Engineer: 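I have a structure I would like to understand better, so I am pasting it below and will then ask my questions one at a time.
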Amino acid sequence: MITLIGYMGSGKSSVGKALASKLGLAFCDLDDEIEFQSGRDIAFIFKNYGEFFFRKLERKILKEQLHKTNSILSLGGGTPCFYNNIDLINKQSTSFYLQSTPTILQSRLEKEKEARPIISSLDNNELLAFIEHNLVERKKYYSKAKHVIINTDLAQSVNQIITLSHENIH
Ligand code: S3P
């Protein structure tokens, strides 16, 4: 099992899908699985049940997904940063942190804020400062990933992950 972690907008889903298709492995996006299992979208869950409820559900579904083998799992931006999720992730998978700069993240996220409750109420001027601040907090967790990939080019990231995980796809 390979897991992809990183901030919102870091390319976890795109890289995950491309990687799975190149390796002929199954792909799962944790957010999609949460929405599928709960029958609600992420924004609805945050708005109506709150973040604490979401984090508990996220952890439960993370644990289930980590039992799978021969697959690629893209996590939510916050998944490694709550409870001891990062330890579970590292115990049961080979983890890759997809790193991007705050400026790149900002330009991607400006267009995709609506579905992301953590940033949906920020205006575009506030977004960069929020990302910079939030990344300082989250780097403590992201940097525990087994490998770091500087994600600037999708095909290059996919190839780097394949090279680095050569012995570890299980
Ligand atoms: C979150 C990231 C989102 C989703 C939720 C919370 C976060 O996933 O899990 O909106 O706390 O960073 P993506 O990173 O896939 O956008």
Side-chain angles (χ1 to χ4, degrees), residues 1-23 25-100 102 104-122 127 130-131 134-135 137-142 144-146 148-149 151 154 157-158 161:
M1 159 75 82
I2 289 176
T3 47
L4 302 178
I5 71 175
Y7 205 72
M8 294 174 274
S10 59
K12 302 179 294 285
S13 302
S14 330
V15 171
K17 276 181 203 153
L19 184 62
S21 110
K22 193 155 183 184
L23 292 172
L25 298 177
F27 171 72
C28 174
D29 180 285
L30 190 65
D31 286 334
D32 291 349
E33 187 62 25
I34 292 169
E35 292 187 336
F36 175 72
Q37 289 200 25
S38 66
R40 305 281 187 208
D41 66 35
I42 306 279
F44 182 96
I45 299 171
F46 265 74
K47 186 162 177 274
N48 292 279
Y49 306 113
E51 182 170 358
F52 182 64
F53 178 89
F54 173 78
R55 295 302 173 193
K56 282 197 300 185
L57 183 61
E58 180 181 48
R59 178 174 165 77
K60 176 177 162 277
I61 299 179
L62 169 70
K63 281 185 175 170
E64 282 170 25
Q65 294 301 314
L66 284 173
H67 283 118
K68 291 187 176 166
T69 52
N70 286 323
S71 59
I72 312 293
L73 176 64
S74 292
L75 302 177
T79 316
C81 314
F82 291 84
Y83 310 105
N84 66 338
N85 289 352
I86 188 63
D87 299 325
L88 278 183
I89 292 164
N90 282 334
K91 202 166 152 202
Q92 291 181 251
S93 70
T94 305
S95 57
F96 290 83
Y97 168 34
L98 299 188
Q99 193 172 25
S100 294
I104 291 176
L105 295 170
Q106 177 210 21
S107 66
R108 290 195 195 135
L109 290 171
E110 266 178 3
K111 295 160 241 148
E112 301 173 7
K113 281 189 307 197
E114 301 331 307
R116 293 181 161 105
I118 301 277
I119 52 169
S120 57
S121 65
L122 301 175
L127 191 56
F130 179 85
I131 294 169
N134 201 203
L135 261 180
E137 282 298 307
R138 289 187 168 189
K139 269 204 178 132
K140 285 181 267 191
Y141 304 94
Y142 294 158
K144 288 191 177 178
K146 180 151 191 205
V148 180
I149 301 290
N151 186 29
L154 183 117
S157 297
V158 166
I161 294 172

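Worth saying up front: this structure is predicted, and the values here are computed from it rather than measured.
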Engineer: Quick one, Phe96 with Val15, criterion side chain to side chain contact (heavy atoms under 4.5 Å, CB included). Give me CA distance, side-chain angles, the key distance, then yes/no.
Structural biologist: CA-CA 11 Å; Phe96 290 83; Val15 171; over 6 Å; no
Engineer: Can you tell if the side chain of Leu25 reaches within under 4.5 Å of the side chain of Ile2, non-hydrogen atoms only?
Structural biologist: no
Engineer: Measure across Ser74 and Lys12 and return the closest heavy-atom pair with its distance rounded to 0.1 Å.
Structural biologist: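 For Ser74 versus Lys12, the nearest heavy atoms are OG-O, 2.8 Å.
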Engineer: Distance-only, no hydrogens or angles: does the Ser93 side chain make a donor-acceptor pair with backbone N or O of Asn90 under 3.5 Å?
Structural biologist: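 No; judged by distance alone, with no hydrogens or angles, the pair does not exist.
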Engineer: State which residue, out of Leu30, Leu75, Ile34, fulfils the side-chain contact (heavy atoms from CB on, under 4.5 Å) condition with Gln65.
Structural biologist: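 Only match with Gln65 under side-chain contact (heavy atoms from CB on, under 4.5 Å): Leu30.
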Engineer: Roughly how far, to the nearest 0.5 Å, is the CD1 atom of Ile42 from the CZ atom of Arg116?
Structural biologist: 10.5 Å
Engineer: Can you name the closest pair of heavy atoms from Leu135 and Tyr97 and give their distance?
Structural biologist: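 Where Leu135 meets Tyr97 most closely, the heavy atoms are CD2-OH, 4.2 Å.
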Engineer: Evaluate Asn134 against Ile119 for side chain to side chain contact (heavy atoms under 4.5 Å, CB included), listing each step before the verdict.
Structural biologist: CA-CA 11 Å; Asn134 201 203; Ile119 52 169; over 6 Å; no
Engineer: Taking atom CG of Leu19 and atom OG of Ser71, what is their separation to the nearest 0.5 Å?
Structural biologist: 11.0 Å
Engineer: Show the numbers, then the answer: is there a side chain to side chain contact (heavy atoms under 4.5 Å, CB included) between Leu66 and Thr3?
Structural biologist: CA-CA 9 Å; Leu66 284 173; Thr3 47; 4.0 Å; yes
Engineer: I want to check something: taking the side chain as every heavy atom from C-beta on, are Lys113 and Met8 in contact at a cut-off of under 4.5 Å?
Structural biologist: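 They are not in side-chain contact.
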Engineer: Determine all donor-acceptor pairs shorter than 3.5 Å in which one atom belongs to a side chain in residues 43-52; sequence neighbours excluded.
Structural biologist:
| residue | atom | partner | partner atom | Å |
| --- | --- | --- | --- | --- |
| Asn48 | ND2 | Phe44 | O | 2.9 |
| Glu51 | OE2 | Arg55 | NE | 2.9 |
| Glu51 | OE2 | Arg55 | NH2 | 3.0 |

Engineer: Any side-chain to backbone donor/acceptor pair from Asn151 onto Ser10? Under 3.5 Å, distance only.
Structural biologist: yes
Engineer: Kindly compute the distance separating CD1 (Ile131) from CD1 (Ile104), expressed to the nearest 0.5 Å.
Structural biologist: 11.0 Å
Engineer: Looking only at heavy atoms, what is the nearest atom pair of Asp29 and Ser13, with distance?
Structural biologist: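 So the two residues come closest at OD2-OG, 2.6 Å.
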Engineer: Would you call Leu4 and Ile149 a side-chain contact if the rule is heavy atoms closer than 4.5 Å?
Structural biologist: no
Engineer: Check this for me, if you would: do Arg108 and Glu112 make a salt bridge, where the nitrogen-to-carboxylate-oxygen distance has to be below 4.0 angstrom?
Structural biologist: no
Engineer: As an exercise, state the distance from CD1 of Ile5 to CD of Gln99, rounded to the nearest 0.5 Å.
Structural biologist: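 Between Ile5 CD1 and Gln99 CD, I get 10.5 Å after rounding to 0.5 Å.
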Engineer: Looking only at non-hydrogen atoms, find the nearest pair between Ala18 and Leu154 and report the distance.
Structural biologist: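 It is CB-CD2, 3.8 Å.
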Engineer: Keeping Tyr142 on the side-chain end and Gly77 on the backbone end, is there a donor-acceptor pair under 3.5 Å?
Structural biologist: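 Side chain of Tyr142 to backbone of Gly77, a donor-acceptor pair under 3.5 Å: yes, one is there.
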Engineer: What is the distance from atom CZ of Phe54 to atom CG of Asp31, rounded to the nearest 0.5 Å?
Structural biologist: 5.5 Å
Engineer: For the OG atom of Ser95 and the OH atom of Tyr141, what is their distance to the nearest 0.5 Å?
Structural biologist: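 If I round to the nearest 0.5 Å, the distance is 15.5 Å.
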Engineer: Does any pair with a residue in residues 59-89 pass ring pair (Phe, Tyr, Trp, His ring centres under 6.0 Å), and if so which ones, sequence neighbours excluded?
Structural biologist: none
Engineer: So which heavy atom on Thr94 is nearest to which on Lys146, and how close?
Structural biologist: CG2-CD, 4.2 Å
Engineer: Hey, is the main chain of Ser107 close enough, under 3.5 Å, to the side chain of Lys111 for a donor-acceptor pair?
Structural biologist: yes
Engineer: Might you point out which heavy atoms bring Phe27 and Ala20 nearest each other, and give the distance in Å?
Structural biologist: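 Minimum heavy-atom contact is CB-CB, 3.6 Å.
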Engineer: Got a sec, which residues hit side chain to side chain donor-acceptor pair (under 3.5 Å) with Arg59, two or more places apart in sequence or on another chain?
Structural biologist: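 Only Asn84, Asn85 meet the side chain to side chain donor-acceptor pair (under 3.5 Å) criterion with Arg59.
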